[in-house]
Number of protein chains: 2
Amino acid sequence: MSSAKRSDSESDLTARARIRDAAIECFGQHGFDVTVRAIAEQAGVSPGLVIHHFGSKDGLRRACDDHVLGLINDLKKETITSHDSQTLLHQLASMEEYAPYVAYLFRSVQTGGGFAVSFYERMVTDIERYLAAGEAEGTVRPSRDPAKRARYLAANAVGAMLLRVTLHPPGQKADFARLLREWSEEYALPALELYTEGLLTERTMLDAYLLYVSDPPEESG
Amino acid sequence: MSSAKRSDSESDLTARARIRDAAIECFGQHGFDVTVRAIAEQAGVSPGLVIHHFGSKDGLRRACDDHVLGLINDLKKETITSHDSQTLLHQLASMEEYAPYVAYLFRSVQTGGGFAVSFYERMVTDIERYLAAGEAEGTVRPSRDPAKRARYLAANAVGAMLLRVTLHPPGQKADFARLLREWSEEYALPALELYTEGLLTERTMLDAYLLYVSDPPEESG
DNA sequence: CAATAGCTTAAACGCGCGTTCAGTCACCTG
DNA sequence: CAGGTGACTGAACGCGCGTTTAAGCTATTG
């Protein structure tokens, strides 16, 4: 379904594909409130044709979701063997030709909805696998609850980027690869401090919590 | 400016104030795309009156920003002496009568813009002070760059909550106090693990980075 | 009481949106 | 060549939005 046509150069694509690509670009750059007219103009067609092919603006959005999902799946299958230590988003962002799709994904997460949730869940399990590998390798400390740790770290990492993009929206041609790189450089020090030395000097809070969960007090009310 | 009238009970307020409060409630619950008509209905007035008092929908939004900002300032002045260890947002959320304002702030951050940025910057310095206090007290490890650490931790904390609210939007009467509490309980373990034990088993990455910044390699290109 | 000023409303305006529709064109099929 | 099918367009429709406008109501003032 997603592996049919795979050419580019913009004009030898079927109009339907051109509209879909234009929509992904517009949605990613300006959010899902872009007008159908703007998408049509970007694709070089009339607004009516957009609806003719996708039924409605919502149908177009679903088609975009499906297409991006297909690309992700294809990418995953390709890189499942090459055991690189990069997370899904970094993989995507590092490839320049995938820029519009990364922007689309950011915008999806920013907007919320089912597609964003499923993509985020994918990242969570991605990070969980990544941490488990590090654990097996001996570089990552074992956790008392690896799943929750992965979820916690994922929420922090993705949330921080989401906040950044929301408060300081990038310009027209958003280079998310650069954005992720700059983020990593900017906060490498506090991140590495936190990851290797922790934040607290004593373990009293953790020990108290562990004692608490092993022997919880009675619930009142 | 924000300390003039301070009564409630909804009907003895001036219409202007009633509209403003209704707008804060609507904006917080449904986002800034709520219609002026919906706000007017919530306030029990006609749509025209809303524009009559605030000039435009944007003017109404600015008035809401100013009002919430005023409340925050008042709250800060009150609790500046009581040196509690709670961050600004937790203080707000812990007071039930402030619920609409917390929802409004969440929605502001979610939407972006100048007001959201200034509020977030406030949280950053808030957390920086909080960390510095812990450092002086001996419970928080000193950092090689406290400002950046504060910014990093703030981005993670706020971003994670933003992501949560975006992907799993709360129902009609959003209880953000409960939401923050549930979040803390849910991820107490991985957070405490990370904060007291760190994530990595070796300090090679941190040491390599420290070496790198003290003697950076030549930039090529 | 008459007059003025401000609060308030119902109705409507203008605009931009998603969508529909009638019709044109190109291309297959027999 | 006749006929039909689907891509495609330009124009329009209908709707909901923010906003405007004219008029009514109330209260204060001389």
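Note on naming: letters A, B, ... go to the chains in the order of the sequence lines (proteins, then strands), and numbering restarts at 1 for each one.
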Note to self: Check this for me: does any side-chain nitrogen of one of B:Asp145 and B:Arg149 sit under 4.0 Å from a carboxylate oxygen of the other?
What the structure shows: no
Next item on the list: Round to the nearest Å and state the distance from B:Arg37 atom CZ to C:dT9 atom P.
Entry: 14 Å
Next item on the list: Identify whether the distance between the nearest side-chain nitrogen and carboxylate oxygen of A:Lys148 and B:Glu193 falls below 4.0 Å.
Entry: no
Check: Going 5' to 3' on DNA chain D, which nucleotide is the first and which the last to come under 4.0 Å of a heavy atom in chain B?
Finding: D:dC17 to D:dT20
Notebook entry, point to check: Under 4.0 angstrom, heavy atoms only, what part of the nucleic acid is B:His53 near: base, sugar-phosphate, or nothing?
Noted result: sugar-phosphate
Notebook entry, point to check: Which whole-number value in Å describes the distance from B:His52 NE2 to C:dA5 P?
Noted result: 14 Å
Item checked: Nearest-angstrom distance from the residue atom CD1 of B:Ile51 to P of C:dA11 -> 18 Å
Next item on the list: Taking only Lys NZ, Arg NE, NH1 and NH2, and the carboxylate oxygens of Asp or Glu, determine whether B:Glu25 and B:Lys173 approach each other closer than 4.0 Å.
Entry: yes
Next item on the list: Remember a base hit wins even if backbone is also touched, and classify B:Val34 as base, sugar-phosphate or nothing at under 4.0 Å, heavy atoms.
Entry: sugar-phosphate
Notebook entry, point to check: How about A:Val109 and B:Thr166: do any of their side-chain heavy atoms sit closer than 4.5 Å?
Noted result: no
Next item on the list: For residues B:Phe106 and B:Phe27, establish whether the separation of their ring centroids is below 6.0 Å.
Entry: no
Notebook entry, point to check: Is any NZ, NE, NH1 or NH2 atom of the basic residue among B:Arg181 and B:Glu185 found under 4.0 Å from an Asp or Glu carboxylate oxygen of the other?
Noted result: no
Note to self: Mind checking if A:Thr35 touches a base, just sugar-phosphate, or nothing, with heavy atoms under 4.0 Å?
What the structure shows: sugar-phosphate
